[in-house]
Amino acid sequence: QVQLVESGGGLVQPGGSLRLSCAASGSSFSGYAMAWYRQAPGKQRDLVARISSAGGTNYADSVKGRFTISRDNAVNTVYLQMNSLKPEDTAVYSCNAGRINYRGSYFPYDYWGQGTQVTVSS
């Protein structure tokens, strides 16, 4: 129902910023909750941030105050603005479409992008 393509990753120094984009195609983008995950080598894939269809946001404690998730339904795109980047943020970042339940838990559907590499290093 939806195809996702991430872009915007790259190499950045600690303290720097990047903005990731996830462009969606297909049907009913505005009806999905959307999320960003990340996976570092040898580690599990973790939920970083999510945004509801209405625009409500939640963040992992590790990125709270530094990252901002947003969406623009007019162009079927979700963004992740990453500021004050740390080496621990180095990972492949992937976009996902899913839903959020009444308790605030995010449930991913099987709609993923290919991922974009973010490397934070001096």
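One is the number of the first residue; the rest follow in order along the sequence.
For Glu6 (side chain) and Gln114 (main-chain N/O), a donor-acceptor pair under 3.5 Å exists by modelled atom type. The closest donor-acceptor contact from the side chain of Thr116 to the backbone of Gly9 lies under 3.5 Å. At least one donor-acceptor pair closer than 3.5 Å links the side chain of Ser52 to the backbone N or O of Gly55. Side-chain N or O atoms of Asn101 include one that pairs as donor or acceptor with a backbone N or O of Gly104 at under 3.5 Å.
The cationic atom of Arg50 (NZ for Lys, CZ for Arg) does not lie both less than 6.0 Å from the six-membered ring centre of Tyr59 and within 45° of the ring axis. Stacking of Arg19 on the aromatic ring of Tyr79 is recorded, both the 6.0 Å distance cut-off and the 45° axial limit being met.
The minimum heavy-atom distance between Trp112 and Ser94, with the atom names listed, is CE3-CB, 4.1 Å. Contact record, Leu85 with Val12: CD1-CG1, 3.5 Å, taken as the closest heavy-atom pair.
Residues Ser105 and Ile100 have side chains not in contact (no heavy-atom distance under 4.5 Å, counting atoms from C-beta outward). Put simply, the side chain of Trp36 does not reach to within 4.5 Å of the side chain of Leu47, judged on heavy atoms. Between Thr77 and Arg71, the closest side-chain pair of non-hydrogen atoms is not below 4.5 Å. The closest side-chain heavy-atom distance from Ser62 to Arg38 is below 4.5 Å.
Phe107 is not connected to Ile69 by any chain of hydrophobic side-chain contacts under 4.5 Å among Ile, Leu, Val, Met, Phe, Trp and Tyr, and they are in different clusters. Cluster membership for Tyr37 and Leu4, using ILVMFWY side-chain heavy atoms within less than 4.5 angstrom, is not shared.
Interatomic distance, OH of Tyr32 versus OG of Ser53, reported as 12.0 Å (0.5 Å rounding). Of the inter-residue distances, the one linking Met82 atom CE with Ser17 atom OG reads 8.5 Å to the nearest 0.5 angstrom.
Donor-acceptor pairing under 3.5 Å is recorded for the side chains of Tyr106 and Asn96. In this structure, a donor-acceptor pair under 3.5 Å is present between the side chains of Ser25 and Gln3.
Taking the six-membered ring where the residue is Trp, Phe67 and Tyr93 present tilted rings, their angle falling between 30° and 60°.
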Practice problem: Might you work through the side-chain contact (heavy atoms from CB on, under 4.5 Å) test for Val118 and Val92, ending with a clear yes or no? | Solution: CA-CA 6 Å; Val118 172; Val92 174; over 6 Å; no
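One finds no salt bridge joining Lys86 and Asp89 here, because no Lys/Arg side-chain nitrogen approaches an Asp/Glu carboxylate oxygen to under 4.0 Å.
Counting heavy atoms of neighbouring residues, nucleotides and ligands inside a 6.0 Å radius, atom CG of Asp72 exceeds 12 of them.
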